[in-house]
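The next block holds one structure in the form of structure tokens; read it before the comments.
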Amino acid sequence: MRLSQLFTKTSKTAPADEVSKNAQLLIQAGFVYKEMAGAYAYLPLGLKVVENIKQIVREEMNALGSNELIMTGLQRKDVWEKTGRWDDETVDVWFKSKLKDDTEVGFGWSHEEPIVEMLKQYIQSYKDLPVSVYQFQTKLRNELRAKSGIMRGREFVMKDMYSFHDSAESLEAYYNQSIEAYKRVFDRLGIGEETYVTFASGGAFTKFSHEFQTICDAGEDVIYLHRGKNIAVNEEVIDDAVKELGISRDELEKVKTAETGNIFNFGTQKTDEMGLHFTGQDGTEQSLYIGSYGIGITRVMGVIVEKFADERGIVWPEAVAPAKVYLARLGTETEVVRAADELYNELTKQGIGVLYDDREEARPGEKFADADLMGIPYRVVVSAKTVAANSYEIKRRSSNTKGDPELVNQTQLLKIMSSPI
RNA sequence: CGGGGUGUAGCGCAGCCUGGUAGCGCGCCGCGUUCGGGACGCGGAGGUCGUGGGUUCAAAUCCCGCCACCCCGACCA
């Protein structure tokens with residue numbers, strides 16, 4: 001992508017009405033636009049990040065044998081009434097409206113009930129099971145108060161997966177597989193080491209559910225952590241968990257975290273309430289077991305910004321960055337332009353994402369500052385100097401890599417660029 | 001939803017206390033000089049001062065209502 005064609009601009013000043021680091025930087029760098037409190041539009045660069053995160057999640061969900069689909073934003077009242085969750089007293093985040101003929105409809109804050117209802121049409125026999133489906137959906141929740149930028153909004157993108165089984169054992173096996181899949185997701189997103197499978201309140205069927213909690217000061221949760229034993233417990237169930245797991249509270253470290261994912265065993269309650277059954281091998285009607293598995297896509301994006309940003313701006317892990325390299329062209333001399341264009345074409349041809357700063361009016365300092373603010377992993381400079389030396393200058397963005405920019409030839413550059421993430 | 005704070009140019013702000021021609025920086029447009037870490041000079045454009053009402057000869061400024069945004073708390077199957 002050429003910056004000269006990108007309509008967004010960076011700003012030297014952070015927006016005054018945002019306090020959270022993620023919203024400030026994402027707005028400053030032109031990744032998101034705030035439409036209203038708790039609702040952000042994703043601009044080209046921000047959208048690229050969202051899509052990169054989604055793609056990683058998609059690959060891992062597909063590897064679990066799950067089927068991607070997309071449910072509707074508008075939802076039926078009667079479907080939710082079956083489980084008593086249409087009631088505003090029970091679910092206090094509903095956005096509701098009416099059709100022209102006065103039929104009440106809800107805006108999807110979750111999709112469990114509609115998916116169960118939908119699957120009644122397709123699941124009748126044990127031969128149809130197990131089934132796993134997932135989607136990336138914009139969830140709409142009428143939160144009393146939006147906060148923390150894109151980490152806690154009224155409109156956000158979530159991956160939600162649901163699995164359906166003919167036995168508790170089948171569900172449990174899949175549940176455990178999904179834990180491993182989630183770990184791979186967070187590893188690939190670059191926050192695996194800081195994300196803990198955490199015991200949390202379970203609900204009707206199991207004593208505990210599992211949350212994926214990422215250490216983050218801007219998060220809303222508090223967990224108790226034993227890094228050595230890799231045990232994490234949400235504050236809300238700490239007393240129960242200490243008893244259950246036979247650990248002492250004193251050996252646990254208290255840390256602030258953001259809930260980036262959660263998985264939940266529903267047992268058969270919801271399918272029974274909604275009348276989703278199957279015929280077993282013995283010809284009798286039996287109850288289905290459901291698991292539900294969420295990952296907050298846009299929240300993950302916010303957490304990544306919060307965790308890695310430094311005083312110069314965002315620092316994206318390579319796997320989610322909107323581009324792998326920021327190509328800064330300094331100068332407008334014919335040979336400089338030619339060299340930069342050629343490199344841009346070559347990198348693009350090789351499938352390497354490039355943000356090409358071909359702006360004629362921007363001075364070097366401005367380009368460097370933008371490269372830093374946008375958090376692109378590599379910065380490559382093409383200038384009269386580098387052309388004369390028949391080389392390119394390359395520098396990593398990440399704050400933990402020290403050292404000045406180095407000059408490399410095209411072969412070396414391409415080798416670095418195509419190296420595994 | 002309770003408490004607190006803030007709304008003035010695209011962005012960041014001053015002006016309000018003490019009413020009297022709406023200002024600064026960044027950004028934007030034009031010309032010139034510059035050109036490796038957000039350059040400089042000259043010229044220029046851009047404003048329902050959140051909104052509705054009230055007081056006054058006169059309101060960005062004083063009073064009342066409303067709206068929006070932010071923070072703390074509560075809430076977060």
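Chain letters run A, B, ... following the sequence lines, proteins first and then strands; every chain starts at 1. In what follows, every heavy atom counts, from backbone to side chain, and hydrogens, waters and symmetry copies are set aside.
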Report summary line: Side-chain atoms of A/Thr386 come closest, of B/rG12, B/rC70, B/rG36, to B/rG36
Have a look at [X] and say if it touches a base, only the backbone sugar-phosphate, or nothing, with a 4.0 Å heavy-atom cut-off.
{"X": "A/Asp370", "value": "base"}
{"X": "A/Ala369", "value": "base"}
{"X": "A/Val381", "value": "base"}
{"X": "A/Ala14", "value": "sugar-phosphate"}
{"X": "A/Arg154", "value": "nothing"}
{"X": "A/Lys34", "value": "sugar-phosphate"}
{"X": "A/Ser20", "value": "nothing"}
{"X": "A/Glu18", "value": "nothing"}
{"X": "A/Trp94", "value": "nothing"}

Query raised in the report: B/rC75 phosphate, OP1 or OP2: any side-chain N/O from A/Lys147 under 4.0 angstrom?
Result: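 No, no such contact exists.
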Query raised in the report: Do A/Arg76 and A/Glu104 pass the salt bridge (charged side-chain N to carboxylate O under 4.0 Å, His left out) test, and can you show the C-alpha distance, the side-chain angles, and the key distance before you say yes or no?
Result: CA-CA 8 Å; A/Arg76 280 155 55 188; A/Glu104 284 187 277; over 6 Å; no
Round to a whole Å and report the spacing from [atom1] of [X] to [atom2] of [N].
{"X": "A/Glu366", "N": "B/rG27", "atom1": "CD", "atom2": "P", "answer": "8 Å"}
{"X": "A/Leu3", "N": "B/rG38", "atom1": "CG", "atom2": "P", "answer": "19 Å"}
{"X": "A/Gln24", "N": "B/rG12", "atom1": "CD", "atom2": "C1'", "answer": "12 Å"}

Requested in this report: Answer yes if the ring centres of A/Phe186 and A/Phe212 are under 6.0 angstrom apart, and no otherwise.
Outcome: yes
Report task. Nearest-nucleotide wise, let me know which of A/Glu220 and A/Lys12 is further upstream toward the 5' end of RNA chain B. Result -> A/Lys12
Query raised in the report: Mapping A/Val19 and A/Ser292 to their closest nucleotides on RNA chain B, which lands nearer the 5' end?
Result: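 Per heavy-atom nearest nucleotide, the more 5' residue is A/Val19.
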Query - Quiz item: A/Arg379 side-chain donor-acceptor pair to B/rG37 base, under 3.5 Å - result: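 By the distance-only test, yes, there is a pair.
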Requested in this report: Classify the side chain of A/Asp17 and the base of B/rG7 as holding, or not holding, a donor-acceptor pair under 3.5 Å.
Outcome: no
**Report entry** Cation-pi check, A/Arg299 onto A/Phe156 ring (under 6.0 Å, within 45° of axis)
**Finding:**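 So A/Arg299 doesn't make the cation-pi contact.
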Query raised in the report: Which class fits the ring pair A/Phe199 and A/His210: parallel under 30°, tilted 30 to 60°, perpendicular over 60°?
Result: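 Taking A/His210 first and then A/Phe199, their aromatic rings sit tilted (interplane angle of 30° to 60°).
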Query - salt bridge (charged side-chain N to carboxylate O under 4.0 Å, His left out) between A/Arg188 and A/Glu60, intermediate numbers included - result: CA-CA 10 Å; A/Arg188 292 179 63 183; A/Glu60 295 298 337; 3.0 Å; yes
